Visitor: 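Let me begin by handing over the structure; questions about it come next.
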Amino acid sequence: MAKLGELRPVSIEDAGSVAALARDVAADLVVIGPEAPLAAGVSDRLRNEGFVVFGPSRSAARLEWDKAFSKDFMKRHGIPTAASATFHAAELAAARTYLRDASLPIVIKASGLAAGKGVVIATTLGEAMEALDGMLSGETFGDAGATVVIEEFMQGEEASIFAVTDGERYALLAPSQDHKRVGDGDTGPNTGGMGAYAPAPIVTDELLALARRDIIEPTLRGMAAENNPYVGCLYVGVMVADGMLRVVEFNSRFGDPETQVILPLLESDLAALLYAAAAGDVTAAGPTGSSGSAVCVVMAASGYPGSYPKGDEITGIAAAEEVTGVVVFHAGTRAEGERIVTNGGRVLGVTAISGGTDLGAVIGSAYAAVEQIAFAGAQYRHDIGARAAEHQKA
Ligand code: AMP
Ligand code: GLY
């Protein structure tokens, strides 16, 4: 980012500081990326001051920051999702009884924000009870776990569908697929996302039409009808099985690392699209098609998604960017003089972009770039996009 524009350090969750910065630079458009400032009401403050803001209100972003609310909303509006029940801290006994009667595997979710780590898929009753106790006691996620959603485990393959919306009309971006587990072959704990590719062939035109009719449109209509219009990027995480779609989760923002592979495919101007949505008529941006393909491999620090060291020197980024079509997005890095050092769990998003559709070739470029980069304990998945590339060859 430092190469592209001026950096101004503000606390992004502090609405007053963000508003002061927006005034200072006379911002024409403010795009709020992550969920925490949305949940903190930064968009509301900026809108009240008259800025054009891309990003839902605090109360519309609740679709992400309160999973219990989100599940209730889907039930109210007949939006397909896993069966679930919600329990608060005072209902531990009832939650334990519910678990004893449930079939395995079973999914236990902290209702609040937990950086993509608040979900446990328990394969034994013991594991389920442990997750439940840890969350409801506040031990694992603090207040974010004081309410839990216990949910039926859905079989299938996941995909991410993003709709950029003015609250009524919307534009779909290329469907993508994230890789949430830390290890190759979808093993190990869930993370914020270890890699992605787009477009995802599993999301056929038929499935996209279903997503529009059964999920996106009823969601936008439902939010508007509840006086809670949703303006921004609606992230729909879906489970695909037997030609059907069910919602795994809503996010109130673009996804990470899906964004790294979706936005480069957009044929039109991103700023114009976001401005049009924020200003109230997304169709004003004109056609918003996507073409080509892209793959992002996340390089993470050792220990992630658990605790991890910071401050290790990263080498080879420039060499990686010499691979044709490669852009290295920085996620958890910091400049220390001339050196770049690690400063987060997910450190880099090594992304290869191509105008063509041969996913295997794009995967090859992404990994060729990854091999140029080194830092102590770097870990990454070796199979990003592999399943889709197999499908494509067949
Ligand atoms: P979430 O934060 O709700 O997206 O959950 C994180 C990840 O856990 C999802 O991307 C899925 O891989 C998995 N997951 C969540 N809910 C379910 C479910 N009901 N059935 C199967 N997998 C799930
Ligand atoms: N890639 C998942 C997320 O952004 O929540």
Side-chain angles (χ1 to χ4, degrees), residues 33-36 38-39 61 63-71 73-74 79-86 102-123 128 131 135 141 144-145 147-162 173 175-183 185-198 200 202 232-241 244-263 296-298 300 304-305 329 331 345-346 349 351 381 384:
E35 63 275 23
L38 293 169
L63 281 179
E64 171 166 8
W65 59 257
D66 182 352
K67 285 183 196 286
F69 167 85
S70 184
K71 295 296 291 192
F73 175 85
M74 286 187 260
I79 295 164
T81 187
S84 70
T86 294
S103 51
L104 296 168
I106 184 90
V107 183
I108 327 268
K109 299 186 176 185
S111 184
L113 294 179
K117 297 166 207 163
V119 175
V120 174
I121 297 170
T123 50
M135 287 185 200
F141 298 111
T147 298
V148 297
V149 172
I150 301 181
E151 191 171 284
E152 164 201 4
F153 176 77
M154 295 187 280
Q155 300 282 355
E157 214 178 313
E158 273 178 81
S160 307
I161 302 173
F162 295 179
L173 303 180
S176 65
Q177 206 166 29
D178 186 7
H179 296 62
K180 292 239 165 101
R181 302 295 194 101
V182 74
D186 292 329
T187 52
N190 261 317
T191 68
M194 292 299 288
Y197 66 91
I202 180 181
C233 177
L234 179 69
Y235 170 131
V236 187
V238 293
M239 192 67 82
V240 182
M244 312 239 289
L245 292 179
R246 285 197 285 172
V247 175
V248 179
E249 64 168 339
F250 285 125
N251 289 327
S252 54
R253 52 173 171 83
F254 288 97
D256 176 12
E258 292 97 323
T259 304
Q260 290 88 316
V261 294
I262 290 173
L263 294 188
C296 172
V297 178
V298 170
Y304 177 80
F329 292 105
R346 290 186 294 167
T351 306
R381 280 184 59 162
I384 302 302

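Indexing begins at 1, ligand by ligand and atom by atom, following the structure's order. Bear in mind the structure is a predicted one, so any value in this text is a computation, not a measurement.
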Visitor: Within a distance under 4.0 Å of any heavy atom of Lys180, pick out the atoms of ligand 1 and give their elements.
Guide: 4 (O), 9 (C), 10 (O)

Visitor: From the options Asn251, Val120, Val119, select the one whose nearest heavy atom is closest to atom 5 (O) of ligand 1.
Guide: Val119

Visitor: Using a 4.0 Å heavy-atom cut-off, say whether Lys67 meets ligand 1 through its side chain, its backbone, both or neither.
Guide: side chain

Visitor: Looking only at atom types and distance, does a side-chain atom of Glu249 sit under 3.5 Å from a main-chain N or O of Gly237, one as donor and one as acceptor?
Guide: no

Visitor: Show which atoms of ligand 1 fall inside a sub-4.0 Å distance from at least one heavy-atom site of Glu158.
Guide: 9 (C), 10 (O), 11 (C), 12 (O)

Visitor: Considering only heavy atoms of Glu258, which atoms of ligand 2 have at least one such atom less than 4.0 Å away?
Guide: 1 (N), 2 (C)

Visitor: Out of Lys109, Glu157, Met154, Glu64, whose heavy atom is nearest to atom 15 (C) of ligand 1?
Guide: Lys109

Visitor: Report yes or no: does Arg346 contribute a side-chain atom to a donor-acceptor pair with the main-chain N or O of Asp256 at less than 3.5 Å?
Guide: yes

Visitor: I'd like the name of whichever of Asn190, Ile121, Ile106 reaches closest to atom 7 (C) of ligand 1 through any heavy atom.
Guide: Asn190

Visitor: Check whether any heavy atom of Met239 sits under 4.0 Å from an atom of ligand 1.
Guide: yes

Visitor: Is there a heavy atom of Gly255 sitting under 4.0 angstrom from any atom of ligand 2?
Guide: yes

Visitor: Return the minimal non-hydrogen interatomic distance between Met74 and Thr81, and the atom names on each side.
Guide: SD-CB, 3.6 Å

Visitor: Polar contacts were defined as any N/O atom of the residue lying under 3.5 Å from an N/O atom of the ligand; does this apply to Asn251 and ligand 2?
Guide: yes

Visitor: For ligand 2, which atoms, with element, lie under 4.0 Å from some heavy atom of Arg253?
Guide: 3 (C), 4 (O), 5 (O)

Visitor: Checking side-chain polar atoms at under 3.5 Å, does Ser160 have a donor or acceptor matched by the opposite partner on Glu258?
Guide: yes

Visitor: Pick one of side chain, backbone, both or neither for how Glu35 approaches ligand 2, counting any non-hydrogen atom pair under 4.0 Å.
Guide: neither

Visitor: Any sub-3.5 Å donor-acceptor pair from Thr351's side-chain atoms to Gly349's backbone N or O?
Guide: yes

Visitor: Look only at interatomic distance and state if Asp178 has a nitrogen or oxygen under 3.5 Å from any nitrogen or oxygen of ligand 2.
Guide: yes

Visitor: Take Arg181 and Ile121 through the side chain to side chain contact (heavy atoms under 4.5 Å, CB included) test and state the conclusion after the steps.
Guide: CA-CA 11 Å; Arg181 302 295 194 101; Ile121 297 170; 3.9 Å; yes

Visitor: Hey, which atoms in ligand 2 end up nearer than 4.0 Å to a heavy atom of Lys180?
Guide: 2 (C)

Visitor: Between the side chain of Ser111 and the main-chain N/O of Lys67, is any donor-acceptor distance below 3.5 Å?
Guide: yes

Visitor: Working note: Lys109 + Lys71, criterion side chain to side chain contact (heavy atoms under 4.5 Å, CB included); need CA distance, chi angles, decisive distance, verdict.
Guide: CA-CA 11 Å; Lys109 299 186 176 185; Lys71 295 296 291 192; 5.9 Å; no

Visitor: Does ligand 2 come near enough to Phe254 that some N or O of the ligand is less than 3.5 Å from an N or O of the residue?
Guide: no

Visitor: Let's go through Leu234 and Phe162 carefully: what are the C-alpha distance in whole Å and the side-chain angles of both, what is the deciding distance for side chain to side chain contact (heavy atoms under 4.5 Å, CB included) to 0.1 Å, and is it a yes or a no?
Guide: CA-CA 6 Å; Leu234 179 69; Phe162 295 179; over 6 Å; no

Visitor: Check step by step if side chain to side chain contact (heavy atoms under 4.5 Å, CB included) holds for Phe73 and Leu63.
Guide: CA-CA 8 Å; Phe73 175 85; Leu63 281 179; 3.9 Å; yes

Visitor: Atoms of ligand 1 less than 4.0 Å from Glu151 heavy atoms?
Guide: 16 (N), 17 (C), 18 (C), 19 (N)

Visitor: If you count the atoms of ligand 1 from 1 in the order shown, which ones are under 4.0 Å from a heavy atom of Glu152?
Guide: 18 (C), 19 (N), 20 (N)

Visitor: Can you spot which of His179, Arg381, Lys180 makes a side-chain hydrogen bond (donor to acceptor under 3.5 Å, both in side chains) with Asp186?
Guide: Arg381

